[in-house]
Novice: 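Here's a structure for you.
Both backbone and side-chain heavy atoms feed into the values below; hydrogens, waters and symmetry mates do not. Residue numbers begin at 1 in each chain, while the letters A, B, ... track the order of the sequences.
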2 protein chains.
Amino acid sequence: MAGRPAEPEVIWARPERAGRGPRPAFSRADIAAVAVRIADAEGIDALSMRHVAAELGCGTMSLYNYVPRKEDLYELMVDAVSAEYDLSDPTGDWRADMLALAHQTRALMHRHPWLPRLMSPVYGFSPNALRYLEHCMTCLDPLKARYGTKMELIASVNGVVTTYVANEIATAERTRSLPWSPEQEQGVRIAYLFSQVATGRYPRLAAAFAEDSGPIDMDAVFERALTRTLDAFAD
Amino acid sequence: MAGRPAEPEVIWARPERAGRGPRPAFSRADIAAVAVRIADAEGIDALSMRHVAAELGCGTMSLYNYVPRKEDLYELMVDAVSAEYDLSDPTGDWRADMLALAHQTRALMHRHPWLPRLMSPVYGFSPNALRYLEHCMTCLDPLKARYGTKMELIASVNGVVTTYVANEIATAERTRSLPWSPEQEQGVRIAYLFSQVATGRYPRLAAAFAEDSGPIDMDAVFERALTRTLDAFAD
DNA sequence: GCGCACTACGTACGGTGTACGTAACTACGA
DNA sequence: TCGTAGTTACGTACACCGTACGTAGTGCGC
């Protein structure tokens, strides 16, 4: 019988090695590493149970002994890349520390463009997520505020980063699913946008586009969004 | 030959009715309405081209005359529900207007739980999205700021709302894909969380959980996040 | 009224997640 | 020490998915 239980279960609470039976050929870390490699290299849509199993060198259904459902594979992956955080000692300046963490998250998401899509609040308590959360809390020690407020701060910063990077990535990742280049598509979309704005039905949008004729410095936009978020919690 | 072009194309630039040939049996609005109904009632994972075509009463491949790719169906859906916004005249109080719009967005996303997942920045210029954007800009007329800043404000507010509601929905929508109830799962997850916190490895998290023993008022959290975001742009 | 661009749609291909059955294996209880 | 229970391994099969392609039929523009 396969390992699929009828009862709810968190993969982290399930022991990696059961008492009886042959010793497992792979560790959870092995599986997560392979899955991450595939998703990084070929895109999240190319990540299938068959693909992972093939790369591991085992039958497709054998994988289900380790990972009851594909969703659990996602959970393993998110936790695995969360280990890439550098959680060295806080400096004592909580704003600087949170800013640095936000930039780490952004870099992490650029290394693993599938992260924003797979991250789910229900995965929020995986082992590495707990380490990360505790570290954030430590960085926020100098801030005089209730724990609840600090939690909201962390959530806000992560929300800004996730939203921003998801947008950054969305355009780039379209290359994978489209038969034409994203530049071509963007050209067509901008042409349509201009044709609409030129109708005069959107005077303020027209003015906005006229104001910022050059390309927008998205890094600066990101930085401002972060600063504003942190300022909102300043004591 | 099917309608799939090798050239990039925005569906909005493609005329609904071509000159020659039999008159189309459905309008884009018909198709979008059916797709929205399915996604609302059965979840986004149950939305397939076959399903939509069946509900419309036509062959699967006929649908591809109207919608070249499934992604275009998504774009139609997002635009269709964007028409549900009540964009009545601004009050002159930009903070109140933006707050009301944010609440509208939240309600919209609760009516259509698939919205956060399908919304993509690349769809950002559909007809109803343009109407919405122009309306936001009109609400922000009283705010003395550059258009670029106003754009950032709109993006920030929408980011907060999307992040927050996506989290709200994620847990609820799990019911669809899981063989057990979300309450059961949450119970198991919380049990694991407690077991981890009880190890003493996460003292600050422990303190945080001890502080807020009762259930958290998520509506209040949402409201605070919105207020903080708007405050950051106050003149 | 001719021709062509369009609509309609059946079939088929290569993929997906995963339920189920069976065979081999090992650690534990007797 | 020896069953035996529970685990691992994995082939097969099912019900889906998006969509490429080919073939008819239809009606507008010339």
Novice: Take atom CG of A:L56 and atom C1' of D:dT8, then tell me their distance rounded to the nearest Å.
Specialist: 14 Å
Novice: In this structure, how many angstroms lie between the P atom of D:dA20 and the OH atom of B:Y64, rounded?
Specialist: 7 Å
Novice: Starting the side chain at C-beta, find the nucleotide from C:dT18, D:dC10, D:dT19 nearest to A:C58.
Specialist: D:dC10
Novice: Is it the case that atom CD1 in A:I216 sees more than 12 heavy atoms from other parts of the structure closer than 6.0 Å?
Specialist: no
Novice: Kindly confirm or rule out a cation-pi arrangement of A:R131 over A:Y85, judged by NZ or CZ under 6.0 Å from the six-membered ring centre and within 45° of its axis?
Specialist: no
Novice: For A:L178 and D:dG18, give me the distance from atom CG to atom C1', rounded to whole Å.
Specialist: 14 Å
Novice: Using 4.0 Å as the upper bound for N to carboxylate O, is an ion pair formed by B:R28 and B:D72?
Specialist: no
Novice: Would you kindly give the CZ-to-P distance between B:R23 and C:dA8, to the nearest whole Å?
Specialist: 11 Å
Novice: Quick one, which residues of residues 36-51 of chain A touch DNA chain C with a heavy atom under 4.0 Å?
Specialist: A:L47, A:S48, A:M49, A:R50
Novice: Got a list of side-chain donor-acceptor pairs under 3.5 Å for residues 113-126 of chain A, not counting sequence neighbours?
Specialist:
unit_1	atom_1	unit_2	atom_2	d
A:W114	NE1	A:D40	OD1	2.7
A:S120	OG	A:V122	N	3.2
A:Y123	OH	A:E71	OE2	2.8
A:S126	OG	A:D79	OD1	2.6
A:S126	OG	A:A129	N	3.4

Novice: Should the pair A:F194 and A:F209 be assigned to parallel (<30°), tilted (30 to 60°) or perpendicular (>60°) ring geometry?
Specialist: tilted
Novice: With a 4.0 Å cutoff (strictly under), does any side-chain N or O of A:S62 reach OP1 or OP2 of D:dC10?
Specialist: yes
Novice: Identify, between B:F26 and A:T60, the residue whose nearest nucleotide on DNA chain C lies closer to the 5' end.
Specialist: B:F26
Novice: How close or far is atom P of C:dT16 from atom NZ of B:K70, stated in whole angstroms?
Specialist: 16 Å
Novice: Please give, in whole Å, the distance from C:dC20 P to A:N65 CG?
Specialist: 15 Å
Novice: Once you round it to whole Å, what is the distance between P of D:dA9 and CG of A:L63?
Specialist: 10 Å
Novice: So, is B:Y66 near the phosphate of C:dA8, with a side-chain N or O under 4.0 Å from OP1 or OP2?
Specialist: yes
Novice: Do other residues, nucleotides or ligands put more than 12 heavy atoms under 6.0 Å from A:R23 CZ?
Specialist: no
Novice: Which comes earlier along DNA chain D counting from the 5' end, the contact point of B:Y74 or that of B:R20, where each point is its nearest nucleotide?
Specialist: B:Y74
Novice: From the list D:dT19, D:dC28, C:dA27, which nucleotide is the closest neighbour of the side chain of B:M61?
Specialist: D:dT19
Novice: With a 4.0 Å cut-off on heavy atoms, is B:A53 in touch with a base, just the backbone sugar-phosphate, or nothing at all?
Specialist: nothing
Novice: Measure from the side chain of A:P22, starting at C-beta and using heavy atoms only, and say which of D:dC28, D:dT19, C:dT26 lies closest.
Specialist: C:dT26
Novice: I need the CD-C1' distance between A:E16 and D:dT7, as an integer number of Å.
Specialist: 15 Å
Novice: Could you check whether atom CD of A:Q186 has more than 12 heavy atoms from other residues, nucleotides or ligands sitting under 6.0 Å from it?
Specialist: no
